[in-house]
Amino acid sequence: MIEKINEAKDFISKLINNQKIETMIILGSGMGGFEENYDPLYQVDYSDIPNFLAPSVEGHAGKLSIVSINEKLTAILSGRAHYYEGYPIQDLVIPVRAFSQLGVKNLILTNAAGGISENYVPGDIISITDHINLTGNNPLMGKNFDTFGPRFPDMSEVYDKNFINLAKKVSKNHFDFKTGIYAWFTGPSYETPAEVQFAKRIGADLVGMSTVPEAIVAKHAGMSICAFSLVTNLAAGISKNPLNHEEVVEIADQSKKKLQGFMKEFLTELNSDN
Ligand code: HPA
């Protein structure tokens, strides 16, 4: 595994002439095309990067763009592979681990999620404050890489409070600021109403099929993390209607401008702060 991570890291390092990258962002549903807001200095398909998995889901392009924001290099990863696509969990997190070894400090994650909280409506953007891993799997299982981080990493503050405060400040120009706890299910089937009620009772506000594996390995490697969910639907049983992927994609498309406008300002502020 370490060889796979290093191959990816060396490829990217060569691509950008060993320059330093400050921040990386992984774009989920609703953020496709965000990189087009910038003039990329470098751009490459995941399929050309050793050991990067090409996503198979609509709305996930599979492209790495390196852009300059406030004179700091930022890696924009358009699309991610998911656990439900059948890949080993350790392979899904190679991009985050490769960038962590390149010295990237900040990780921004975005996803589409089902809303459980009564405070949410479809189209809301939620700043994630914590997560619950309901999959029974963990990307750190197996041999620990001591140079990345400890065997038993602390997870008491995965999502950086300073970043959440920054999101609160920036959101004033874009939407009502809301926070929530994200429960990770494997998918690809949506949850049953009983599973959603279970998630609600144990404290979850959102359900989704991504983000948590990347957050775990990033925290292990000492990165500062923040994550945002776009609520594309009310979760099963809370919504009166059956769920379908087309609805998720439609709401994601409708909310794209709002989320991308916010994210542009958020990244500019982030890269000026530290
Ligand atoms: N559940 C899981 N993942 C999702 C959902 C959902 O309701 N909506 C968008 N992604």
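Atoms within a ligand are numbered from 1 in the order they appear, just like the ligands themselves.
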Nearest non-hydrogen protein atom, atom 10 (N) of ligand 1: Ala112 O, 3.4 Å
Minimum-distance protein heavy atom relative to atom 5 (C) of ligand 1: Gly114 N, 3.4 Å
Polar contact flag, side-chain donor to acceptor under 3.5 angstrom, Asn173-Glu265: yes
Heavy-atom check, side chain of Leu92 versus side chain of Glu85, under 4.5 Å: no
Rounded distance [0.5 Å steps], CD1 in Ile108 versus OG1 in Thr110: 10.0 Å
Shortest protein heavy-atom distance from atom 1 (N) of ligand 1, along with the residue and atom involved: Glu191 OE1, 2.8 Å
Which residue and heavy atom of the protein sit nearest atom 9 (C) of ligand 1, plus the separation: Thr232 OG1, 3.3 Å
Atom 3 (N) of ligand 1: the protein heavy-atom neighbour that sits closest, reported with distance to 0.1 Å: Gly208 CA, 3.5 Å
Identified side-chain contact (heavy atoms from CB on, under 4.5 Å) counterpart of Phe99 within the set Val104, Ile26, Ile94: Val104
Aromatic ring pairing Tyr84/His82, orientation class (parallel under 30°, perpendicular over 60°, tilted between): parallel
Ligand 1 versus Ala236: contacting region, heavy-atom distance under 4.0 Å: neither
Element-labelled atoms of ligand 1 that are located less than 4.0 Å from some non-hydrogen atom of Leu243: 7 (O)
Qualifying residue for ring pair (Phe, Tyr, Trp, His ring centres under 6.0 Å) with Phe228, from Tyr159, Tyr182, Phe262: Phe262
From the candidates Ile238, Val207, Asn233, the one that places a heavy atom nearest atom 8 (N) of ligand 1: Asn233
